[in-house]
Engineer: 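Before I ask anything, here is the structure I am working with.
Please read these numbers as outputs of a predicted model, since none were measured by experiment.
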Amino acid sequence: MNDFKLIRVERVERIEKNGKKELLIHNPTTLKLIGAGSQGAVFQLDEDICVKIYVNPNAATKEGKALEAAKDTHIVPRLYEVGPNYVIMEYLKGPNLKDFLKGKQDIPESITEQIIMIRKELKRVGFIRIKTSIGHFVVTKGNVLKAIDHSDGLTMNDPYNPKMFRDLKKLGLLDTFLKQAKKIDPESYEEWQKNIDFNAI
């Protein structure tokens, strides 16, 4: 029995140690759970397709609209179907960028370049929330980055969320990233300096 529509995802009231609300996942199928976050859980349907099932049906609608808006950029998963509480999309193979960079002394310049390009592309297609935590970049074949988790991208006005920069700082890679960014795209670098308090992150 592999009907993903039988899966239920709920948020429980108690708070986990890391400050995030825990998800309660009821999965009577044999579909593999490949990820879970604050909005919902992702299950693999086949080699190239996955389904994200949301706690809040409204988040599914918003994610579908965001993926549709960015479909021609090739920096987000391909969208296949939006349902009442789910989105079927391309399954991106590879580690997330946080895991990819763990233990590294440096950040490849090609990665910095792609991060800048993705942020600019999301803004260009109408995204007003540019959070892009490094855990929400997937390093696909050939070290090509793609960005996931966009349910608030078109609706929450937050263009300078510091989460990505905080992630890089925790890995000891922020200074290198900013130095590379200043060389690759001085305009983006100056914009960040004006709008983000790097001493506070």
Side-chain angles (χ1 to χ4, degrees), residues 18 20 34-39 42 44 47-50 52 63 66-67 69-79 89-154 156 158-201:
N18 64 6
K20 289 185 178 177
I34 54 175
S38 59
Q39 303 276 8
V42 183
Q44 190 169 356
E47 192 181 343
D48 300 306
I49 300 175
C50 63
K52 185 169 183 178
E63 181 107 46
L67 292 177
K71 69 179 180 181
D72 294 330
T73 65
H74 307 293
I75 59 172
V76 299
R78 189 177 294 112
L79 175 66
M89 64 188 114
E90 177 186 9
Y91 171 48
L92 301 176
K93 301 176 187 74
N96 69 53
L97 184 57
K98 189 174 186 178
D99 291 338
F100 179 82
L101 292 174
K102 265 181 192 166
K104 284 189 168 50
Q105 303 299 312
D106 210 346
I107 180 168
E109 201 164 292
S110 62
I111 296 289
T112 298
E113 198 168 356
Q114 288 184 77
I115 289 172
I116 295 168
M117 178 273 292
I118 288 171
R119 291 176 68 94
K120 290 175 84 167
E121 278 292 278
L122 291 175
K123 191 175 178 181
R124 183 185 67 79
V125 299
F127 280 53
I128 55 175
R129 186 180 207 207
I130 314 293
K131 183 179 180 185
T132 52
S133 154
I134 61 171
H136 292 162
F137 287 108
V138 178
V139 186
T140 64
K141 189 176 178 182
N143 287 351
V144 174
L145 292 189
K146 297 212 174 186
I148 60 170
D149 202 2
H150 302 290
S151 60
D152 293 319
L154 297 173
M156 185 182 287
D158 189 13
Y160 300 108
N161 188 293
K163 178 77 171 77
M164 183 191 83
F165 302 98
R166 194 180 296 125
D167 292 343
L168 289 168
K169 187 175 184 178
K170 283 179 185 171
L171 294 176
L173 296 172
L174 180 59
D175 289 345
T176 306
F177 173 81
L178 290 174
K179 195 179 291 182
Q180 291 176 357
K182 187 176 183 180
K183 183 177 81 171
I184 294 165
D185 188 347
E187 190 180 327
S188 289
Y189 175 82
E190 290 300 330
E191 194 180 342
W192 297 338
Q193 291 295 332
K194 284 177 190 170
N195 293 284
I196 298 167
D197 184 355
F198 286 102
N199 294 319
I201 64 173

Engineer: Rounded to the nearest 0.5 Å, what separation is found between the CG atom of Leu178 and the CG atom of Leu168?
Structural biologist: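 Rounded to the nearest 0.5 Å, the CG-CG separation comes out at 8.0 Å.
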Engineer: Identify the heavy atoms of Leu171 and Leu101 that sit nearest to each other, and give their distance.
Structural biologist: CD1-CB, 3.9 Å
Engineer: Less than 4.5 Å apart, any side-chain heavy atom of Leu79 and any of Lys71?
Structural biologist: no
Engineer: At their closest point, which heavy atom of Pro159 faces which heavy atom of Ile130, and how far apart are they?
Structural biologist: O-CB, 3.8 Å
Engineer: If you define the side chain from C-beta out and look only at heavy atoms, does anything of Met89 sit under 4.5 Å from Ile49?
Structural biologist: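 The answer is no, as the side chains (C-beta and beyond) never meet within the 4.5 Å cut-off.
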Engineer: Could you state the interatomic distance from CE (Met156) to CD1 (Ile128), rounded to the nearest 0.5 Å?
Structural biologist: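 One gets 9.0 Å once the value is rounded to the nearest 0.5 Å.
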Engineer: Scan side-chain atoms only and decide if Glu121 and Thr73 contain a donor-acceptor pair under the 3.5 Å cut-off.
Structural biologist: no
Engineer: Check step by step if salt bridge (Lys or Arg N to Asp or Glu O under 4.0 Å) holds for Lys179 and Asp175.
Structural biologist: CA-CA 6 Å; Lys179 195 179 291 182; Asp175 289 345; over 6 Å; no
Engineer: Give, for atom CD of Gln180 and atom CD1 of Ile115, the distance between the pair rounded to the nearest 0.5 Å.
Structural biologist: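 Gln180 atom CD to Ile115 atom CD1 measures 9.0 Å (nearest 0.5 Å).
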Engineer: Give, for atom CG of Asp167 and atom CD1 of Ile201, the distance between the pair rounded to the nearest 0.5 Å.
Structural biologist: 9.0 Å
Engineer: For residues 136-147, which side-chain donor-acceptor pairs fall under 3.5 Å, sequence neighbours excluded?
Structural biologist:
| unit_1 | atom_1 | unit_2 | atom_2 | d |
| --- | --- | --- | --- | --- |
| His136 | NE2 | Asp149 | OD2 | 3.2 |
| Thr140 | OG1 | Val144 | O | 2.6 |

Engineer: Is the count of non-hydrogen atoms from other residues, nucleotides or ligands lying under 6.0 Å from Lys169 atom NZ greater than 12?
Structural biologist: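 For Lys169, atom NZ is crowded (more than 12 foreign heavy atoms under 6.0 Å).
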Engineer: Between Pro162 and Ile196, what is the shortest heavy-atom contact and its length?
Structural biologist: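 That closest heavy-atom pairing would be CB-CG2, 4.3 Å.
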Engineer: Give a yes/no verdict on a cation-pi contact between Lys102 and Phe100, requiring under 6.0 Å between NZ or CZ and the six-membered ring centre and an angle within 45° of the axis.
Structural biologist: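 Not satisfied by the 6.0 Å and 45° rule.
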Engineer: Determine whether Val125 and Asp72 make a side-chain contact, defined as any pair of heavy atoms from C-beta on separated by less than 4.5 Å.
Structural biologist: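 Counting from C-beta outward, Val125 and Asp72 never come under 4.5 Å.
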Engineer: Between the main-chain N or O of Tyr160 and the side-chain N or O of Asn195, is there a donor-acceptor pair closer than 3.5 Å?
Structural biologist: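 Absent.
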Engineer: Once rounded to the nearest 0.5 Å, what's the spacing between atom OG of Ser188 and atom CD of Gln193?
Structural biologist: 11.5 Å
Engineer: Please walk me through it: do Glu191 and Lys194 pass salt bridge (Lys or Arg N to Asp or Glu O under 4.0 Å)?
Structural biologist: CA-CA 5 Å; Glu191 194 180 342; Lys194 284 177 190 170; over 6 Å; no
Engineer: Give the intermediate values and the outcome of side chain to side chain contact (heavy atoms under 4.5 Å, CB included) for residues Lys170 and Phe165.
Structural biologist: CA-CA 9 Å; Lys170 283 179 185 171; Phe165 302 98; over 6 Å; no
Engineer: Indicate yes or no: at least one non-hydrogen side-chain atom of Tyr91 is less than 4.5 angstrom from one of Ile34.
Structural biologist: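 Yes, at least one pair of side-chain atoms sits under 4.5 Å.
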Engineer: Using the rule side chain to side chain contact (heavy atoms under 4.5 Å, CB included), only one of Lys182, Arg119, Glu187 pairs with Trp192; which is it?
Structural biologist: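 The residue from Lys182, Arg119, Glu187 that satisfies side chain to side chain contact (heavy atoms under 4.5 Å, CB included) with Trp192 turns out to be Arg119.
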Engineer: Answer whether the closest heavy-atom distance between the side chains of Ile75 and Leu122 falls below 4.5 Å.
Structural biologist: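 Side-chain contact under 4.5 Å: yes.
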Engineer: State, to 0.1 Å, how close Gly126 and Leu154 come at their nearest heavy-atom pair, and which atoms those are.
Structural biologist: O-CD2, 3.5 Å
Engineer: Minimum heavy-atom separation for His150 and Ala66, please, with both atom names.
Structural biologist: O-CB, 3.4 Å
Engineer: Do Ile184 and Tyr189 have side chains that approach each other closer than 4.5 Å (heavy atoms only, starting at C-beta)?
Structural biologist: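 Counting from C-beta outward, Ile184 and Tyr189 never come under 4.5 Å.
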Engineer: Let me confirm one number: the OG-CG distance from Ser133 to Asn96, rounded to the nearest 0.5 Å.
Structural biologist: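 Reported to 0.5 Å precision, the distance equals 8.0 Å.
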Engineer: Looking at Glu90 and Arg78, would you say the former's side chain and the latter's main chain have a donor-acceptor pair under 3.5 Å?
Structural biologist: yes
Engineer: For residues Ala70 and Phe127, report the shortest heavy-atom separation together with the two atoms involved.
Structural biologist: CB-CE1, 4.1 Å
Engineer: Between Lys52 and Glu63, does a side chain to side chain contact (heavy atoms under 4.5 Å, CB included) hold up when you go through it step by step?
Structural biologist: CA-CA 10 Å; Lys52 185 169 183 178; Glu63 181 107 46; 3.8 Å; yes
